[in-house]
Amino acid sequence: MSPKDSASTPALHDWNLDPQAAVQLQKELRERIRLEPLPGPVKLIGGADISFNLYSDIFHAAIVVLDYESLEVVESTYFTQTVDFPYIPGLLSFREIPTLLRAYEQLQQRPDVVMVDGHGIAHPRRMGIATHFGLVTGTPTLGCAKKILTGKFTAPGPDRGDASPIQAGSDTLGYALRSKPKVKPVFVSPGHLLDLAGALEIARHCLRKHKLPEPTRMAHLLVNEHRRRAHDQ
DNA sequence: GCGACAG
DNA sequence: ATCTTGTCGC
């Protein structure tokens, strides 16, 4: 019985860590981050999101795959399990990635890039959930968050697609992106195997009529659907 | 020491 | 993150 029947990724590291060890691990993993242009054109883009009921340790994860040109969902997977790692700002990946990974492994198609709900390198140690997910899966990733975690930014212009850099000292970590007029911006940053310009270009491409780019928006809708179905039954 | 703090 | 209807503003 070879361990190849499900497209699992060789474990990069243990997930059963305490917060102190998790911070130490982040400091080691950050050395492996590669911010570079994509190797080729994007045909498929993934979206990843987590959902759970308040005060519940039962997590629900969904991965969606969209055709990059039409932004139509062509595949989706779902997984649910209990989680014990607490929510600690800066350590979100240790709470959410294990469940996301189980959903990701069920995909029949490998997206060329995955958009994760949360930050990429726009993180105190440059190890946001999108970056961590990219390192673990070996896939290009970007983060799209609804709130800033670290760094400074000035308000982007008023039109859809307008962006302003997120700065940490002299480093640019990502962009505040006006995804929809009259709405607060979202925060986009590269995760892994993608560069700043690529992350911004992809996020812009995925904008439609809503605040959230399609991959993240679809993953959010889908995972909530699943959670409610599992809850009120 | 104080305030901030993704989901 | 999630619970929720209407309502104010462009």
Side-chain angles (χ1 to χ4, degrees), chain A residues 15 19 22-23 26 29-30 33 47-63 78-101 103 114-136 141-153 157-160 162 166-169 173-192 199 203 209-213 215-232:
Chain A
W15 290 100
V23 169
Q26 287 183 324
L29 288 179
R30 71 176 293 180
I33 302 170
D49 192 26
I50 287 285
S51 177
F52 55 89
N53 290 309
L54 199 53
Y55 307 130
S56 172
D57 60 352
I58 300 174
F59 272 42
H60 306 260
I63 305 281
Y78 164 77
F79 192 81
T80 182
Q81 67 178 356
T82 63
V83 168
D84 50 35
F85 199 93
Y87 172 66
I88 300 171
L91 296 181
L92 180 66
S93 63
F94 293 90
R95 180 165 164 83
E96 298 196 346
I97 285 186
T99 311
L100 280 179
L101 232 34
V114 177
M115 179 183 291
V116 182
D117 190 25
H119 293 284
I121 62 168
H123 175 283
R125 291 170 293 281
R126 310 296 178 262
M127 280 293 298
I129 184 171
T131 300
H132 201 160
F133 189 80
L135 286 167
V136 167
T141 57
L142 69 156
C144 180
K146 296 175 287 297
K147 293 189 288 190
I148 193 85
L149 173 62
T150 193
K152 302 283 196 179
F153 70 98
D159 299 329
R160 185 181 73 172
D162 285 347
I166 300 171
Q167 294 287 152
L173 304 183
Y175 300 93
L177 172 64
R178 187 78 66 188
S179 53
K180 178 177 178 176
K182 301 299 178 182
V183 170
K184 290 189 191 305
V186 295
F187 303 91
V188 174
S189 59
H192 181 51
K209 298 179 167 183
H210 306 270
K211 167 169 179 168
L212 295 182
T216 297
R217 189 177 78 85
M218 288 298 122
H220 191 261
L221 288 177
L222 222 134
V223 75
N224 279 324
E225 229 167 75
H226 279 295
R227 176 180 52 79
R228 286 166 183 143
R229 208 160 280 165
H231 191 56
D232 46 60

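Scope of the values below: all heavy atoms of this structure, side chains included, with no hydrogens, waters or symmetry mates. In what follows, chains are A, B, ... by sequence order, proteins preceding strands, each numbered from 1. Here the structure is a predicted model, which means the values were calculated and not measured.
The nucleotide whose nearest atom lies closest to any side-chain atom of A:Pro89 is, among C:dT2, B:dA6, B:dG7, B:dA6. For A:Ile129, whose side chain is taken as the heavy atoms from C-beta onward, the closest listed nucleotide among C:dT2, B:dA6, B:dG7 is B:dA6. Here the nucleotide nearest the side chain of A:Asn53, chosen from B:dA6, C:dC10, C:dT2, is C:dT2.
Between A:Met127 atom CE and B:dC5 atom P there is a gap of 22 Å when expressed in whole angstrom units. The distance between atom CZ of A:Arg228 and atom P of C:dA1, rounded to the nearest whole Å, is 12 Å. A straight line from CG of A:Asp117 to P of C:dA1 spans 6 Å, rounded to a whole angstrom. Look at CD1 on A:Ile121: it is 15 Å from C1' on B:dA6, rounded to the nearest Å. Rounding to whole angstrom units, CG of residue A:Leu92 and C1' of C:dA1 are separated by 10 Å. The nearest whole Å value for the distance from the CZ atom in A:Phe94 to the C1' atom in B:dA6 is 14 Å. With rounding to whole Å, A:Leu221 atom CG is found 15 Å from C:dT2 atom C1'. The CD1-P distance, from A:Ile148 to B:dA6, rounds to 10 Å in whole Å.
A:Asn224 pairs with exactly one of A:His226, A:Arg228, A:Arg227 by the side-chain hydrogen bond (donor to acceptor under 3.5 Å, both in side chains) rule, that one being A:Arg227.
The side chain of A:Tyr87 places an N or O atom within less than 4.0 Å of a non-bridging phosphate oxygen (OP1 or OP2) of B:dA6. Listed pair A:Arg227 / C:dC3 meets the phosphate criterion, a side-chain N or O lying under 4.0 Å from OP1 or OP2. Under 4.0 angstrom from either OP1 or OP2 of C:dT2 there lies at least one side-chain N or O belonging to A:Ser51. Between A:His231 and C:dC3, a side-chain N or O to OP1/OP2 separation shorter than 4.0 Å is absent. Not one side-chain nitrogen or oxygen of A:Lys146 sits closer than 4.0 Å to the OP1 or OP2 atom of B:dA6.
Among the protein residues, A:Leu91 comes within range of the nucleic acid bases, having at least one heavy atom under 4.0 Å from a base atom. No engagement by A:Gly143 is indicated, since no non-hydrogen atom pair under 4.0 Å with the nucleic acid exists. Within the nucleic acid shown, A:His132 has no heavy atom closer than 4.0 Å to any nucleic acid atom.
Ring-plane geometry between A:Phe94 and A:Trp15 is classed as perpendicular, the angle between the planes exceeding 60 degrees on a 0 to 90 degree scale with a lower cut at 30.
Remark: the backbone N or O of A:Ile58 is not paired with any side-chain donor or acceptor of A:Thr82 at under 3.5 angstrom.
Within the cation-pi definition used here (under 6.0 Å to the ring centroid, within 45° of the axis), A:Arg229 does not qualify as a partner of A:Tyr78.
Donor-acceptor pairing under 3.5 Å is lacking for the side chains of A:Asp117 and A:His220.
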